[in-house]
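Each remark here refers to the structure printed beneath this line.
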Amino acid sequence: MMNKKERVIEWSIVEYGRWQLYVAKTEKGLCYVGSPGQLYEELEVCIQKYFPQASLVENEEALKPYIDELRQYFKGMRQSFSLPLDVKGTPFQEEIWEALQQIPYGKTYSYSDIAELIQKPTAVRAVGTAIGANPVLITVPCHRVIGKNGSITGYRGGMDLKEYLLQLEASDQCLIQ
């Protein structure tokens, strides 16, 4: 029996090509997009961290609109996401995640660019840590952040996915609407 205060977070899996990603949503919006190839436990750990009173319930139908948007994005048919998010973090993390959403499709910023954007130019390392904690890959586009020297740096989703996303956004096929 569920506690009255307990939230239900619905989850499913989006598959695209060789990737499988867990996705989850609250009643307010998308709260999690996982890393390719990661186990269900990554989802559980993230949900426990940000929504400690929540229980996870598989519900493909509830996630279908989010899965559809992610698949459209992967196919180069979508440049932005229209469905709501429900991301939780520290105030600093949330500020960084909001800043990431200002990076235009097909563009990249450095960690120091993000620090400048939030008017904390000396917080480059903290910016990197907050980016690494982003629970909603792709829709909060942390893949658009690269090293100041142009190098492709770490990514929770793995370097293969980051490189794919950057190439996808740089290619002509992404102009399809």
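Not measured: the values here are computed from a predicted model.
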Q.
Ring-plane angle category for Tyr22 and Tyr40, please: parallel below 30°, perpendicular beyond 60°, tilted otherwise.
A. perpendicular
**Q.** Contact summary for Phe92 and Ala126, nearest pair of heavy atoms
**A.** CE2-O, 3.5 Å
Q) Is the shortest distance from a Lys or Arg side-chain nitrogen in Lys64 or Glu69 to a carboxylate oxygen in the other one below 4.0 Å? A) no
Q: For the pair Ile103 and Ile114, evaluate side chain to side chain contact (heavy atoms under 4.5 Å, CB included) and give the outcome as yes or no after the intermediate values.
A: CA-CA 9 Å; Ile103 304 172; Ile114 300 297; 3.8 Å; yes
Q. Looking only at heavy atoms, which two atoms of Ser151 and Ile146 are closest? And how far apart?
A. O-CB, 3.3 Å
Q. Where the side chain of Lys75 meets the backbone of Leu70, is there a donor-acceptor pair that is under 3.5 Å apart?
A. no
**Q.** Pair His143-Glu169, side chain to side chain donor-acceptor pair (under 3.5 Å): steps then yes or no
**A.** CA-CA 11 Å; His143 62 276; Glu169 291 188 9; 2.8 Å; yes
Q) Do Thr90 side-chain atoms and Gln93 backbone N/O form a donor-acceptor pair below 3.5 Å? A) yes
Q.
Can you confirm whether Tyr16 sits close enough to Pro36 that some side-chain heavy atom of one is under 4.5 Å from a side-chain heavy atom of the other?
A. no
Q) Can you find a pair of side-chain heavy atoms, one from Ile47 and one from Leu56, that are under 4.5 Å apart? A) yes
Q: Output the distance between atom CG (Asp68) and atom CE (Met77), rounded to the nearest 0.5 Å.
A: 10.5 Å
Q) Hey, what do you get for OG (Ser110) to CD (Glu116), rounding to the nearest 0.5 Å? A) 8.5 Å
Q. If you measure from CD on Glu58 to CD1 on Ile13, what distance do you get to the nearest 0.5 Å?
A. 6.5 Å
Q.
Does Glu27 form a salt bridge (charged side-chain N to carboxylate O under 4.0 Å, His left out) with Arg7? I'd like the steps, not just the answer.
A. CA-CA 9 Å; Glu27 69 283 353; Arg7 283 177 102 164; 2.8 Å; yes
Q: For Cys142 and Tyr155, run side chain to side chain contact (heavy atoms under 4.5 Å, CB included): C-alpha distance rounded to whole Å, both residues' side-chain angles, the deciding distance at 0.1 Å, then the answer.
A: CA-CA 8 Å; Cys142 54; Tyr155 183 58; 3.6 Å; yes
Q) Can you find a pair of side-chain heavy atoms, one from Ser12 and one from Ile67, that are under 4.5 Å apart? A) yes
Q) Roughly how far, to the nearest 0.5 Å, is CD of Gln72 from OG of Ser80? A) 10.5 Å
Q | Least distance between heavy atoms, Tyr164 atom then Phe74 atom | A | OH-O, 2.9 Å
Q) Within the distance-only criterion (no hydrogens, no angle test), does the side chain of Arg156 pair as donor or acceptor with the backbone N or O of Ala133 below 3.5 angstrom? A) no
Q. Is it the case that more than 12 heavy atoms not belonging to Gln119 sit under 6.0 Å from its CD atom?
A. no
Q. Any salt bridge between Lys88 and Glu94, counting N to O under 4.0 Å?
A. no
**Q.** Steps toward side chain to side chain contact (heavy atoms under 4.5 Å, CB included) verdict (Cys31, Ile9)
**A.** CA-CA 9 Å; Cys31 65; Ile9 296 183; 3.9 Å; yes
Q | Value rounded to 0.5 Å, distance of CG in Asp113 from CZ in Arg144 | A | 14.0 Å
**Q.** Atom pair OG1/CG of Thr26 and Asp86 - distance to nearest 0.5 Å
**A.** 3.5 Å
Q: Please find out if less than 6.0 Å separates the ring center of Trp11 from that of Tyr32.
A: no
**Q.** Closest heavy-atom pair and its distance - Leu43, Ala24
**A.** CD1-CB, 3.8 Å
Q | Non-hydrogen atoms of Ala115 and Ala123 that approach each other most closely | A | CB-C, 4.4 Å
Q. Tyr66 and Gly29: which non-hydrogen atoms are nearest, and at how many Å?
A. OH-CA, 3.5 Å
Q: Carefully, step by step, assess Lys25 and Leu63 under the rule side chain to side chain contact (heavy atoms under 4.5 Å, CB included).
A: CA-CA 7 Å; Lys25 68 175 254 341; Leu63 273 294; 3.9 Å; yes
Q. Does the side chain of Leu85 come within less than 4.5 Å of Lys28's, by heavy atoms?
A. no
Q. Which of these, Val23, Val33, Leu21, sits in a side chain to side chain contact (heavy atoms under 4.5 Å, CB included) with Leu137?
A. Val33
Q: State yes or no: do Val45 and Leu39 share one hydrophobic cluster built from I, L, V, M, F, W and Y residues joined by side-chain heavy-atom distances below 4.5 Å, directly or via other members?
A: no
Q: Count the heavy atoms belonging to other residues, nucleotides or ligands that lie under 6.0 Å from CD of Glu60, then report whether that count exceeds 12.
A: no
Q: Flag the pair Glu95 and Lys120 as a salt bridge only when some basic side-chain nitrogen lies within less than 4.0 angstrom of an acidic carboxylate oxygen.
A: yes
Q.
Pair Tyr111, Thr153 - check side chain to side chain donor-acceptor pair (under 3.5 Å), show working.
A. CA-CA 10 Å; Tyr111 295 91; Thr153 55; 2.9 Å; yes
Q.
Can you tell me if Glu61 has over 12 outside heavy atoms packed within less than 6.0 Å of its CD?
A. no
